[in-house]
Structure formats: structure tokens, C-alpha cells
Amino acid sequence: MFKDQFLSYLHHELSLHRQYRTRRRSGQDASWGHWESSKITYTYSGSSKYYQKIWKSAVKKWNKTGAVKLKAVKSQKKADIVLQTSASLSTQKGLFTGYTNYSFYNHQDEDAEIVSANSTLNRDLLTSFSYTKKQRTNVATHELGHALGLSHSKSHHSVMYASNRYESISHQDKVALEKAYAD
């Protein structure tokens with residue numbers, strides 16, 4: 001049997017932020033894992049055409065970096081990443097505008113290998129705080145960044161900053177993703 005251990009990791013913003021701070025202190029980069037290939041499939045599992053466009057815009061932004069190639073598939077069974085919305089996202093730590101959970105293999109001496117991910121946007125919270133379409137796209141881009149293996153950034157100019165709805169993908173985000181998927 002392989003020494004790899006299968007773990008399921010339920011992500012919410014605060015726990016990943018703590019993981020990021022720990023990794024940064026130990027000199028590790030801004031990614032915690034990656035998919036086996038830079039070619040990753042996704043599907044949108046909702047009925048809202050509005051949010052389907054939001055997710056599609058986020059996918060386009062990550063594809064534009066050139067580090068990954070996200071490709072739409074129709075079936076959830078064929079999708080690596082499932083993108084969705086929910087009326088609310090509530091955890092013991094509070095409400096979140098977005099939420100990502102994943103399953104991955106934890107390899108001993110390298111970053112984790114992601115094997116599935118679900119990213120969700122909180123429709124009600126985004127609406128109640130009057131997020132614009134661009135800001136909702138930034139939140140979707142942030143959550144998709146987690147699904148691709150990126151941790152939080154300390155830079156307020158990064159889409160991966162923990163509580164940022166105003167920024168899109170920065171040069172730092174692109175470099176972190178390229179490094180995560182470098183052969």
C-alpha cells in the first residue's frame with residue numbers, strides 16, 4: 001500500500017487562513033496543493049444563468065494566466081470541480097460569501113494532490129451586502145483559486161487575500177499558480 005494517506009478537508013476561510021500563516025512562517029509558498037494535471041474539468045450545478053456567468057468569468061480569469069486549463073463538462077461525475085451557489089453558507093465560525101471544500105491525497109514530501117473540489121457562493125449574503133457583479137466574480141475567482149490549490153495571500157491586492165472583494169488576479173496570484181503547476 002502506498003504511504004499516501006487520503007484526507008478529506010473541509011475548507012472555510014479561517015482555517016485556511018491559519019494554514020496559510022503557518023506555511024508562510026515555515027517558508028512554504030502560497031499554494032498548499034495542486035491537481036495531478038493542469039488540465040482540470042469543472043461543471044456548474046445550478047439553475048441561475050446569472051451565477052453561471054459569474055463562475056464562467058472566474059474560470060476565464062484563471063485560464064488567462066496560462067498556468068491551468070479549466071474545461072467545462074456537463075456531468076458532475078466527469079467534473080473535477082463543481083461550482084455552485086447556495087442561499088446561505090453558515091459555519092460555527094459565521095457566515096461566508098464563498099466556501100470551498102476538497103478531497104486530496106497528502107503526499108509525504110510534496111504538496112497535496114487535489115482529487116475533487118466544490119466551490120460555493122452565498123447568494124443571500126452577496127445580495128444583502130450589495131456586491132456588484134464584478135465583486136461577485138472576484139469572490140468566485142477567490143474560491144476557484146482555493147479549488148486550484150492556492151492559499152490566502154497577505155497582499156491586499158491579491159484575489160487570494162482573505163477578505164477582498166475588490167481585487168482580481170494579481171501577478172503574485174499568477175506566479176503562485178504557475179509554481180504550483182510547474183513540472
Under 3.5 Å donor-acceptor, Thr127 side chain and Asp124 backbone: no
For Lys69, side-chain contact (heavy atoms from CB on, under 4.5 Å) partners two or more places apart: Lys39, Asn63
Parallel, tilted or perpendicular: ring planes of Phe96 versus Tyr99, cut at 30 and 60 degrees: tilted
Atom pair OH/CG of Tyr44 and Leu83 - distance to nearest 0.5 Å: 9.0 Å
same_hphob_cluster(Leu126, Phe129) at 4.5 Å side-chain heavy-atom cutoff: yes
Distance-minimising heavy-atom pair for Thr43 and Ala79: CG2-CB, 3.7 Å
Partners meeting side-chain contact (heavy atoms from CB on, under 4.5 Å) with Thr132 (sequence neighbours left out): Lys134, Gln135
Geometric class of the Tyr181/His34 ring pair [parallel <30°, tilted 30-60°, perpendicular >60°]: perpendicular
Straight-line distance of Ser163 OG to His156 NE2, nearest 0.5 Å: 8.0 Å
Non-hydrogen atoms of Ala112 and Phe104 that approach each other most closely: CB-CD1, 3.4 Å
Any Asn122 side-chain heavy atom under 4.5 Å of Val139 side chain: no
Approximate separation, where rounding is to 0.5 Å, of Asn101 CG and Asn118 CG: 5.0 Å
Geometric class of the Trp32/Tyr102 ring pair [parallel <30°, tilted 30-60°, perpendicular >60°]: tilted
Flag side-chain contact, heavy atom, 4.5 Å: Leu177 against Leu150: yes
Nearest heavy-atom neighbours spanning Trp62 and Val68: O-CG2, 3.9 Å
Interatomic spacing from CE in Met160 to OG in Ser151 - rounded to 0.5 Å: 7.5 Å
Sequence-distant partners of His171, ring pair (Phe, Tyr, Trp, His ring centres under 6.0 Å), two or more places apart: none
Minimum heavy-atom distance Arg123-Thr85, with the two atoms named: NH1-OG1, 2.8 Å
Heavy-atom pair with the smallest gap, counting every atom of Ser170 and Ser158: OG-CA, 3.8 Å
Tyr42/Val82 under side chain to side chain contact (heavy atoms under 4.5 Å, CB included): CA gap, chis, key distance, verdict: CA-CA 6 Å; Tyr42 74 92; Val82 176; over 6 Å; no
Point-to-point distance, once rounded to the nearest 0.5 Å, from OH of Tyr131 to OG1 of Thr97: 4.5 Å
Contacts of Thr141 that satisfy side chain to side chain donor-acceptor pair (under 3.5 Å) - sequence neighbours left out: none
Partners meeting side-chain contact (heavy atoms from CB on, under 4.5 Å) with Ile54 (sequence neighbours left out): Tyr50, Tyr51, Leu121, Lys133, Arg136, Thr137, Ala140
Residue pairs, two or more places apart or on separate chains, that pass side chain to side chain donor-acceptor pair (under 3.5 Å) and touch residues 75-84: Thr41-Asp80, Ser45-Gln84, Gln84-Thr120
Closest non-hydrogen atom pair between Ser153 and Ser155, with its separation: OG-N, 3.0 Å
By side chain to side chain donor-acceptor pair (under 3.5 Å) - contacts of Glu113 (at least two apart): His107
Distance in Å, Ser57 OG paired with Leu144 CG, rounded so as to fall on 0.5 Å steps: 11.5 Å
Backbone of Val159 reached by a side-chain donor or acceptor of His142 within 3.5 Å: yes
Sequence neighbours excluded - salt bridge (Lys or Arg N to Asp or Glu O under 4.0 Å) pairs with any residue from residues 161-176: Lys174-Glu178
